[in-house]
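Every value quoted in this text rests on a predicted model; they were computed, and no experiment measured them. Each chain gets a letter, A, B and so on, in the order the sequences are listed, and its residues count up from 1.
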Amino acid sequence: MSIGRKSDNALIFITHHSSFITHPFQLKSSNFELPPPLSPKITCFATRKTWIAMQAEIPKNYNPAEIENKWYQYWLENKYFESKPNPDKEPFTIVIPPPNVTGVLHMGHMLNNTVQDVLVRKARMEGKEALWVPGTDHASIATEAKVVALLKEQGINKQDIGREKFLEHAFEWKEKYGGIILEQLKKLGASCDWSRTRFTMEPDLSKAVIDVFVDLYNKGLIYRGVRMVNWDPQGQTALSDEEVIHKEVRSKLYYVKYELENGQGFLTVATTRPETIMGDTALCVHPEDERYKHLIGQKAKVPLVNRWVTIIADDYIDIEFGTGVLKVTPAHDINDYNLGIKHKLQVIDVLNQDGTLSEAAEIMVGEDRFIARKKSAKMLVEQGLLENEEEITNSVGTSERTGAVIEPRISMQWFLKMEHLAKPALEVVENDIVKLHPPKFKGMYRAWMENVHDWCISRQLWWGQQIPAFYLSDGTIVVASTKAEALAIALEKHPDLVKSEADLNQDPDVLDTWFSSWLWPISVFDGFKNPDNADINYYYPTNDLITAPEILFFWVARMIMAGLEYKKEVPFTNVYLTGIVRDKQGRKMSKSLGNSPDPLDLMIKYSADGVRIGMLLSSPAGNDLLFDEKLCEQGRNFTNKVWNAFRLVKGWEADASVAKTELDELALNWLRSRINQALAESNDLFTKFRISESLHVMYKLVWDDFCSFFLEMIKPVFGQPISAQVLTETLDLFDELLRFTHPFMPFISEEIWHQLKERSEGESICISAYPSGKEVDQVLLDQVQVLVDEMLIPIRNHRNANQISPKTTLEGLTISAKYNWASSYFPLVQKLGNVGSYSFAETLTGQVFAGKRLEWSLPKEDKEISSEERQKLEAELEYVKGFLVQVDQKLSNERFVANAKPEMVEKERQKKADAEAKIAALETVLNG
RNA sequence: GGGAGCAUAGCUCAGCUGGUUCAGAGCAUCUGCCUUACAAGCAGAGGGUCGGGGGUUCGAACCCCUCUGCUCCCA
């Protein structure tokens with residue numbers, strides 16, 4: 001533009017060549033680094049940029065690392081996140097879904113905790129007494145595995161040191177390494193009240209678990225029963241389903257002959273596990289299987305042990321598999337076990353804990369199960385009972401840790417009856433007392449709650465709350481919170497069996513970790529120990545729970561049960577279910593696949609704000625998020641955009657003598673209305689937990705409306721000052737925008753908020769008021785939109801199509817006189833479209849631009865309309881003509897006119913008029 | 001085997017009570033731009049028979065039936 005500027009550039013360029021190091025600009029700049037001079041062109045470029053940056057004294061690119069640490073410290077020091085019951089304020093409470101104490105931050109946590117932080121920060125700014133309670137759960141299985149592995153490295157065996165010593169090690173481990181994840185959450189900006197951090201194994205919470213067990217036992221809801229578990233014979237422990245890896249292996253299918261009674265011959269059974277034959281207690285066929293129908297109810301002889309068993313019928317049997325006859329071994333197969341219950345079969349457990357054959361097997365006692373398999377096959381051959389052997393591939397479960405083949409094993413476990421607890425927990429969801437977001441999960445919840453199984457609450461581990469059940473010498477069970485209490489009860493009820501605590505044997509098992517977590521919303525407020533304390537009375541029930549749909553049953557449903565049972569009140573009113581974070585190919589992120597990025601690296605690369613926005617941008621409620629690092633990049637770019645808007649505004653020199661223009665006034669009024677409109681939309685979306693969409697509203701408001709449109713409207717000509725009044729009003733609106741963005745991007749909003757205006761000590765955006773939407777001038781918004789759509793964009797297109805530089809001012813624009821309302825908005829077109837003079841006229845000449853709501857023209861160029869442009873216009877004409885035909889058809893359809901709502905018919909008439917006008921206008925343009 | 005969902009632009013998804021704010025957003029792509037806040041940017045553009053078929057209706061992405069293909073939960 002100005003010659004002076006160009007010569008500045010040239011000067012720098014030359015200076016660079018001669019003496020880069022001593023360049024005066026570089027000396028002045030202490031914190032801005034110049035890139036090395038790679039080539040004259042790059043050097044020149046970088047230097048010019050540098051010069052601009054220095055002018056503003058704010059770095060061109062937002063530099064988050066230092067800023068984020070600084071503000072997090074500031075927030076902690078000022079205790080903004082700490083909460084106390086305050087009767088003057090409405091409470092807003094979230095309890096964190098306690099992450100596994102051994103865990104490190106993964107993408108799922110990032111999403112989940114970002115959502116929680118957005119909600120809690122917004123509530124805090126809205127003047128509520130906001131509390132987000134953090135903590136971890138003790139994760140029995142995962143933690144015990146870690147500690148066992150660590151001890152093993154030191155040559156220590158868990159069994160050798162005993163329970164007490166082991167727990168000492170475990171607690172030591174937890175103190176040292178546990179809860180890293182909570183530190184990581186701070187990087188994300190999580191506004192938890194850290195002074196309230198809880199842990200499910202701490203004494204108070206453990207006591208709650210034990211007391212609840214005793215209480216439920218006394219209510220008759222807890223019982224002992226058998227259950228099939230995944231047994232690792234090498235590790236000698238039960239494993240959860242998650243710890244079993246299924247592998248395809250080649251094995252043999254043995255066809256074994258069972259002799260029928262009364263000399264009717266043999267019944268052949270196909271099995272992969274002949275070593276369990278000794279545990280057979282029935283044979284089973286399909287009731288509709290013509291081959292065997294006549295044998296149902298008869299007896300067959302189990303080979304090797306020569307025991308007679310009954311042939312039963314069940315439609316569970318797959319007629320196609322093997323021979324269609326199943327040997328039923330209830331002790332060693334989960335399906336057989338269920339059959340056994342259904343048909344009341346005997347259970348013969350032929351295996352020991354270490355995988356060798358037990359006394360019950362009668363033969364090969366003490367042999368390993370795999371050797372026994374070969375031996376039994378051999379014995380069957382010898383006795384002429386092996387008809388055939390076949391190679392097959394089948395799926396075998398193996399231990400994640402030892403690699404040993406898992407043995408399904410029945411064992412004694414503790415169960416909690418669900419029926420009584422599940423019924424009210426279903427009702428509150430059905431009646432929307434607890435609302436699930438999105439509501440599609442209601443169906444899933446119902447299905448589960450109506451078919452709920454009793455909850456197996458015992459685990460064969462040491463790390464956890466040991467089950468408070470004490471066995472007397474004759475097997476009698478006494479359940480009490482402590483050994484002393486148990487002794488007292490035992491002395492009273494069974495004085496013959498008990499003298500001292502030494503006569504009480506506590507059950508070695510611990511309780512399932514969920515049995516701690518289901519009490520979480522109550523126990524974090526000491527609601528069991530001290531049921532009427534100020535915290536629980538104030539904060540319970542909590543407001544929102546944010547978690548993953550995969551634990552809707554494991555955790556959410558059970559918390560509702562516990563809440564209703566122990567507080568007679570639901571634990572929360574809203575449950576927001578986030579999606580599962582997957583990789584681009586839709587695979588679940590997992591350690592073994594190595595497809596998960598490290599969230600901390602991401603935050604270093606894109607800033608915490610950037611990652612937060614990235615996570616939320618594409619995570620509609622309940623839909624899985626196919627994570628792509630590009631999302632974080634987009635988030636970072638957004639923060640950078642805001643940063644640069646700030647740089648621009650900050651760089652303006654205010655002058656009180658400069659008057660506010662008509663355009664300034666228009667721009668300010670327009671932006672106010674837009675902000676209020678966006679706030680209303682956003683708030684509405686928040687109530688529906690459409691957080692991602694709410695972010696989109698904010699994103700577009702800031703980027704498109706504030707940066708691309710508003711700032712361009714009020715931007716002073718380079719080098720000239722801005723009206724002081726306009727700047728003040730702009731800063732106020734910027735402030736409001738920052739408060740709007742704060743829940744989504746807490747760090748950068750805080751930083752800019754402080755730089756925007758003088759703030760006093762102890763002030764923070766995170767406790768400032770959330771903007772409250774005021775009235776919206778809809779007419780203003782609509783009319784500006786018309787000008788943009790039908791004038792500004794066509795002007796820019798016209799420039800593109802005709803290679804007219806944005807710097808060339810367009811003159812002689814004429815607007816159809818019937819649209820004279822447009823004059824009050826015209827200054828914005830003049831500025832953003834670089835248009836000079838304009839006038840109104842009854843008839844338009846020259847190049848006519850006909851929109852639906854506006855018609856105007858430019859003086860006709862000498863040249864003809866380009867063929868490309870003509871083609872476009874012709875296509876448009878065709879389209880509108882086709883459209884008109886459709887509208888006409890509709891209007892000539894008597895049934896439409898008769899049945900449709902009158903306003904619908906009126907709309908169609910309007911469409912017809914619009915289309916006709918547009919056709920006329922287009923024809924004018926095309927024909928001359 | 002039983003249940004719960006999903007299918008809309010190349011990708012990820014909106015689309016609420018059936019009707020021009022109904023075919024939309026972001027990303028990606030293409031075109032033109034180093035324009036004195038931002039190339040992490042600016043100004044534009046193209047792109048979809050709403051999974052297939054049938055029905056209800058004056059009118060269907062939307063309601064009903066059916067088929068196909070995916071996902072999850074329980075077994």
Side-chain angles (χ1 to χ4, degrees), chain A residues 1-2 5 8-9 41 44-45 48-49 51-53 55-56 58 60-62 315-316 318 334-335 338 438 440-448 450-453 549-550 552-553 580 584 586 606 610 617-620 622-628 630-631 633-652 688 690 692-693 695-697 699-700 703 707-708 711-712 715 717-719 782 785 792-801 803 805-807 832-833 852 872 883 887 889-890 893-901 903-905 907-908 910-911 914:
Chain A
M1 246 152 87
S2 82
R5 197 191 98 242
D8 274 356
N9 258 343
K41 187 167 186 283
C44 174
F45 175 59
R48 189 175 62 79
K49 297 271 171 183
W51 172 73
I52 294 159
Q55 274 225 319
I58 306 166
K60 189 180 76 168
N61 284 348
Y62 172 58
D315 54 16
Y316 156 77
D318 179 359
I334 180 64
N335 299 310
N338 290 332
K440 68 175 180 184
F441 287 106
K442 228 167 132 172
M444 237 164 100
Y445 184 86
R446 184 188 309 121
W448 190 74
E450 282 173 351
N451 301 293
V452 66
H453 300 284
E550 36 191 5
L552 183 58
F553 313 133
I580 297 163
K584 266 188 273 187
Y606 300 108
L617 268 175
S618 185
S619 57
N623 270 0
D624 288 358
L625 163 61
L626 270 62
F627 182 79
D628 188 332
K630 279 222 167 78
L631 293 168
E633 196 181 320
Q634 197 184 340
R636 179 200 58 181
N637 292 356
F638 180 69
T639 60
N640 196 51
K641 184 72 187 175
V642 177
W643 182 252
N644 275 289
F646 161 66
R647 281 180 71 217
L648 174 67
V649 172
K650 196 70 186 168
W652 285 337
K688 295 171 182 155
R690 291 166 166 264
S692 180
E693 284 172 64
L695 169 64
H696 274 100
V697 168
Y699 185 98
K700 282 155 100 174
W703 197 311
C707 296
S708 298
L711 289 178
E712 293 300 331
K715 193 183 207 173
V717 174
F718 178 70
D782 290 345
Q785 198 61 50
L792 188 57
I793 291 175
I795 285 171
R796 287 170 171 172
N797 270 326
H798 175 75
R799 284 182 190 278
N800 267 345
Q803 272 137 27
S805 156
K807 288 171 191 163
L832 301 190
K852 280 183 215 161
K872 258 191 183 172
F883 180 74
V887 175
Q889 273 173 358
K890 229 181 203 181
N893 181 342
E894 282 169 31
R895 288 189 296 176
F896 171 70
V897 181
N899 292 326
K901 281 181 268 179
E903 58 266 35
M904 237 46 245
V905 180
K907 258 185 184 172
E908 290 302 314
Q910 188 57 49
K911 279 194 235 170
D914 287 347

Touch check for Leu631(A), heavy atoms < 4.0 angstrom, all strands: base, sugar-phosphate only, or nothing?
-> nothing
Spacing of the C1' atoms in rA23(B) and rG48(B) (rounded, Å) = 8 Å
Just by distance, do the side chain of Asn644(A) and the backbone of Lys60(A) share a donor-acceptor pair under 3.5 Å?
-> yes
Classify the nucleic acid contact of Met904(A) as base, sugar-phosphate or nothing, counting any heavy atom under 4.0 Å across all strands shown.
-> base
For the side chain of Lys641(A) and the base of rC38(B), is some donor closer than 3.5 Å to an acceptor across the two?
-> yes
In Watson-Crick or G-U wobble terms, both distances under 3.5 Å, what is the partner of rC50(B)?
-> none
Where the side chain of Asn644(A) is defined as all heavy atoms beyond and including C-beta, which of rC38(B), rA28(B), rG19(B) is the nearest nucleotide?
-> rC38(B)
When you compare rC13(B) with rA75(B), how far apart are their P atoms, in angstrom units rounded to a whole number?
-> 28 Å
Look at the side chain of Ser708(A) and decide which nucleotide, out of rC74(B), rC38(B), rA43(B), has an atom nearest to it.
-> rA43(B)
When rounded to the nearest Å, what value does the distance between P atoms of rA39(B) and rA45(B) take?
-> 24 Å
Identify whether any heavy atom of Gln634(A) sits under 4.0 Å from a base atom; if not, whether one sits that close to sugar-phosphate; answer base, sugar-phosphate or nothing.
-> sugar-phosphate
Which value, in whole Å, describes the distance between the P atoms of nucleotides rU56(B) and rC62(B)?
-> 15 Å
Basic-acidic side-chain contact under 4.0 Å: Lys715(A), Glu712(A) = yes
Trp448(A) side chain N/O closer than 4.0 Å to the phosphate oxygens (OP1, OP2) of rA75(B)?
-> no
Looking only at N and O atoms, is any donor in the side chain of Glu712(A) or the base of rA37(B) less than 3.5 Å from an acceptor on the other one?
-> yes
Which of rC58(B), rG26(B), rG44(B) is nearest the side chain of Arg796(A)? It is rG44(B)
Name the closest nucleotide to the Lys630(A) side chain, picking from rC27(B), rU35(B), rC58(B).
-> rC27(B)
Nucleotide nearest Lys715(A) when distance is taken to its side chain, options rC58(B), rG44(B), rA37(B) = rA37(B)
Sort out the partner of rA7(B) for me: Watson-Crick or G-U wobble, both distances under 3.5 Å, none otherwise.
-> rU68(B)
Phosphate oxygens OP1/OP2 of rA45(B): is one of them under 4.0 Å from a side-chain N or O of Asn800(A)?
-> no
For the pair Asn899(A) (side chain) and Arg895(A) (backbone), establish whether a donor and an acceptor sit closer than 3.5 Å, ignoring hydrogens and angles.
-> yes
Atom-to-atom span, CZ of Phe441(A) to C1' of rG3(B) - whole angstrom = 15 Å
State which of rA45(B), rA40(B), rU35(B) makes the closest approach to the side chain of Asn797(A).
-> rA45(B)
For atom P, what is the distance between rC11(B) and rG51(B), given to the nearest Å?
-> 13 Å
Atom NZ of Lys440(A) and atom C1' of rA4(B) are separated, to the nearest Å, by 10 Å
For the pair made of CZ in Arg647(A) and C1' in rA39(B), what is the distance, rounded to whole Å?
-> 13 Å
Across the strands shown, which category fits Phe553(A) at heavy-atom distances under 4.0 angstrom: base, sugar-phosphate, nothing?
-> sugar-phosphate
Please give, in whole Å, the distance from rC42(B) C1' to Leu648(A) CG?
-> 14 Å
Nearest to side-chain heavy atoms of His696(A), which nucleotide of rA25(B), rG44(B), rC42(B) | rA25(B)
Once you apply the 3.5 Å cut-off to both distances, tell me the Watson-Crick or G-U wobble partner of rU31(B), or none.
-> rA43(B)
Expressed in whole Å, how much space separates the C1' atoms belonging to rG32(B) and rG18(B)?
-> 43 Å
Round to a whole Å and report the spacing from CG of Leu552(A) to P of rC74(B).
-> 11 Å
Is there side-chain contact between Cys707(A) and Lys641(A), with at least one heavy-atom pair below 4.5 Å?
-> yes
So what does Ala447(A) hit on the nucleic acid, given a heavy-atom distance under 4.0 Å: a base, only sugar-phosphate, or nothing?
-> sugar-phosphate
Using whole Å, report how far CD of Glu908(A) lies from C1' of rC58(B).
-> 11 Å
Taking the P atom of each, how far is rG46(B) from rG2(B), in whole Å?
-> 50 Å
Partner nucleotide, any strand, of rC62(B) [Watson-Crick/G-U, under 3.5 Å] | none
Heavy-atom check, side chain of Leu832(A) versus side chain of Arg796(A), under 4.5 Å | yes
So, is Asn637(A) close to the rA40(B) phosphate, meaning a side-chain N or O under 4.0 Å from OP1 or OP2?
-> no
To the side chain of His453(A), which of rG19(B), rA25(B), rA75(B) is closest?
-> rA75(B)
Atom-to-atom span, CD of Glu450(A) to C1' of rA4(B) - whole angstrom | 12 Å
Looking only at side chains, do Tyr606(A) and Gln634(A) share a donor and an acceptor under 3.5 Å apart?
-> no
Counting only heavy atoms not in Gln803(A), do more than 12 fall under 6.0 Å of its CD?
-> no
With a 4.0 Å cut-off on heavy atoms, is Trp652(A) in touch with a base, just the backbone sugar-phosphate, or nothing at all?
-> nothing
Distance, P atom - from rU8(B) to rC16(B), rounded to whole angstrom | 16 Å
Counting just side-chain N and O atoms, does Arg636(A) come under 4.0 Å of either OP1 or OP2 of rC38(B)?
-> no
With respect to the side chain of Arg690(A), which nucleotide from rG15(B), rA37(B), rG3(B) is positioned closest?
-> rG15(B)
Look at the rings of Trp643(A) and Tyr62(A) and say which category their plane angle falls in: under 30° parallel, 30 to 60° tilted, over 60° perpendicular.
-> tilted
Met444(A) CE to rU71(B) C1': how many Å, rounded?
-> 11 Å
Among rC42(B), rU35(B), rA25(B), the one nearest Lys700(A) by side-chain distance = rA25(B)
Hey, does Val897(A) have a side-chain heavy atom less than 4.5 Å from the side chain of Glu908(A)?
-> no
Check whether any side-chain N or O of Lys60(A) sits under 4.0 Å from OP1 or OP2 of rA39(B), and answer yes or no.
-> yes
